[in-house]
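To start, the structure itself, in structure tokens.
This one's a predicted model, so the numbers in the text were calculated from it and none came from an experiment.
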Amino acid sequence: MTTYATTPGVTAPSFRLEQKRRITGDFPGPRSTELAARRAAVVAKGVASGVPVYVADADGGIIHDVDGNSFIDLGAGIAVTSVGASDPAVVGAVKDQVEHFTHTCFMVTPYEGYIAVAEQLAELTPGDFEKRTVLFNSGAEAVENAVKVARLATGRNAVVAFDHAYHGRTNLTMALTAKSMPYKTNFGPFAPEIYRVPMSYPFREENPAITGAEAAQRAITMIEKQIGSDSVAAIIIEPVQGEGGFIVPADGFLPALAAWAKANGVVFIADEVQSGFCRTGEWFAVNHEGVVPDIITMAKGIAGGMPLSAITGRADLLDAVHAGGLGGTYGGNPVACAAALGAIRTMKEQDLAGRARHIEAQVTERLGALQADLGDGSIIGELRGRGAMLAIEFVEQGGGRTPNADATKAIAAHCLREGVIILTCGTYGNVVRLLPPLVITDELLADGLDVLEQAIRTVNAG
Ligand SMILES: Cc1ncc(COP(=O)(O)O)c(C=O)c1O
């Protein structure tokens with residue numbers, strides 16, 4: 001049924017649901033429409049959904065809605081279901097765990113699964129030093145705790161974040177996040193002692209020739225002049241920015257920042273909540289440039305869809321915290337830990353980092369050919385990304401860099417009508433991002449790209 005590329009020693013995934021797109025009729029159908037009405041009566045408007053259909057089942061790269069439509073999933077629940085939405089290793093581990101115990105609270109009566117996840121994270125994260133891990137529930141919670149640890153361990157207050165950053169929706173992580181609408185508007189006051197410095201955003205640099213090292217120096221000068229390096233507890237950065245637009249900094253930017261942090265006793269926190277766990281073609285995005293963070297924050301892909309997050313970092317930093325200073329009722333829930341162990345096993349057995357690189361090759365070939373065919377001055381401003389974290393930044397026609405959010409919305413809507421779920425992002429709302437489950441079959445991905453190509457051609461033609 002599938003031409004999933006296989007290499008000796010690498011296991012191919014197996015699927016419960018047929019990996020095929022099918023739109024049967026009305027869209028959204030009657031059952032989704034009925035659920036939307038029930039939802040409107042009881043669910044707060046602030047929780048918005050990008051897709052107006054309700055899910056009945058999901059597996060691999062396919063989502064079935066309650067009206068019998070099958071969608072190609074190019075979003076993976078925002079980079080979560082990298083192993084697919086119902087990976088047998090995750091499902092089996094979860095079933096086995098829930099039959100024994102669902103919760104005891106690791107802070108009360110501990111269990112092995114938590115330790116086993118911490119052992120995996122010590123092995124998988126970069127850095128040849130002693131490490132410690134703490135588990136939480138969400139990405140924002142991991143970020144909050146990484147900052148807590150950095151402040152306590154350094155005795156300093158200031159935290160440096162970047163333009164276009166996204167770190168979550170809690171009070172501290174809103175403060176770290178750059179974009180106001182919809183994440184911050186009217187939710188203040190925000191946590192103090194957060195400072196923002198310029199990112200390396202090659203497509204939008206005033207001087208396109210600026211190198212990664214020069215862009216890092218621009219940020220470092222601002223830190224030294226406006227905060228003072230002695231006051232800085234941590235720099236936090238997404239090695240490939242997620243919500244901000246899948247921005248890949250210029251080569252040399254991350255290593256220069258990490259080196260400066262090391263020389264100045266500043267904790268370098270890599271927020272790999274979106275980019276981690278094979279998504280970019282490596283276990284972690286920092287691996288592309290050999291950067292070794294002091295602390296890494298992780299969530300999303302870590303547990304095949306179960307809520308789990310983690311911070312892993314230098315033992316001397318994490319062990320500086322007094323007993324009882326870190327934790328939470330549900331952090332490292334045993335079912336979520338079992339799911340993480342299943343997901344990590346799948347990532348290893350199926351070489352999903354290699355699979356992400358395979359997806360990158362397929363997508364960039366297709367979209368690169370499309371960009372060349374549309375020629376200069378089309379709405380495609382830039383194709384970028386790493387592994388299966390890929391993006392198209394759309395601009396107004398004519399060769400400039402004016403963001404084109406309308407085209408982006410129209411393309412996403414076209415894809416959805418044809419049965420392909422794609423997500424948008426970006427400070428200017430003008431980026432389509434591709435985050436397929438890493439187990440997606442070649443045929444399904446090709447079908448999704450056919451639809452995306454058609455959508456781009458239609459919108460480009462006006
Ligand atoms: C880089 C990054 N950090 C933190 C978060 C917040 O994670 P969560 O939504 O699980 O709180 C996200 C979510 O998109 C993210 O992409």
If you measure from [atom1] on [X] to [atom2] on [Y], what distance do you get to the nearest 0.5 Å?
X	Y	atom1	atom2	result
I62	L444	CD1	CG	4.5 Å
F106	I115	CZ	CD1	5.0 Å
L341	E119	CG	CD	9.5 Å
I236	I295	CD1	CD1	9.0 Å
F253	I237	CZ	CD1	4.5 Å
I411	D406	CD1	CG	10.5 Å

For the residue pair [X] and [Y], establish whether any side-chain heavy-atom pair is separated by less than 4.5 Å.
X	Y	answer
Y428	H164	yes
S275	M389	yes
H414	V459	no
R433	I78	yes
L390	F246	no
V134	V149	no
P126	I296	yes
I392	L452	yes

The test is ring-ring contact (aromatic ring centres under 6.0 Å, His included); show your working for F277 and F284 and say whether it passes.
CA-CA 6 Å; F277 286 93; F284 295 96; 5.3 Å; yes
For E393, the side-chain hydrogen bond (donor to acceptor under 3.5 Å, both in side chains) test, sequence neighbours excluded, returns Y201, R204, R384, N430
What I want to find out is whether [X] reaches [Y] closely enough, with some N-O distance under 4.0 Å, to be called a salt bridge.
X	Y	value
R401	E205	no
R457	E453	yes
R31	D67	no
R355	D442	yes

Using atom types as modelled and distance alone, determine if a side-chain donor or acceptor of [X] lies under 3.5 Å from a backbone N or O of [Y].
X	Y	value
K300	E272	no
D59	G84	no
Q19	L17	yes
R357	G281	yes
N145	E141	yes
R279	A285	no
R16	A58	yes
T177	H167	yes
R132	A122	no
Q97	F101	yes

Can you give me the closest heavy-atom contact between [X] and [Y], atom names plus distance?
X	Y	value
S378	V395	O-CG2, 3.9 Å
A310	A142	O-CB, 3.7 Å
I379	A407	CD1-CB, 4.3 Å
C337	L135	SG-CD1, 3.7 Å
A299	S138	CB-C, 4.3 Å
A340	L308	CB-CD2, 3.7 Å

Verify the neighbour count for atom [atom1] of [X]: are there more than 12 heavy atoms of other residues, nucleotides or ligands below 6.0 Å?
X	atom1	result
D373	CG	yes
K184	NZ	yes
E349	CD	yes
F27	CZ	yes
E123	CD	yes

Under the side chain to side chain contact (heavy atoms under 4.5 Å, CB included) test against M298, which residue among I311, L124, T125 passes?
T125
Let me know which of I23, L449, V451 forms a side chain to side chain contact (heavy atoms under 4.5 Å, CB included) with V420.
V451
Evaluate side chain to side chain contact (heavy atoms under 4.5 Å, CB included) for F394 paired with V431, printing each intermediate quantity in order.
CA-CA 6 Å; F394 290 102; V431 177; over 6 Å; no
Assess whether side chain to side chain contact (heavy atoms under 4.5 Å, CB included) is satisfied between L416 and I422, documenting all intermediate values.
CA-CA 7 Å; L416 189 60; I422 58 165; over 6 Å; no
K179 and E243: side chain to side chain contact (heavy atoms under 4.5 Å, CB included), yes or no, with the steps?
CA-CA 9 Å; K179 190 172 175 176; E243 305 303 301; over 6 Å; no
Between V66 and V55, is the side chain to side chain contact (heavy atoms under 4.5 Å, CB included) condition met? List the steps.
CA-CA 6 Å; V66 288; V55 179; over 6 Å; no
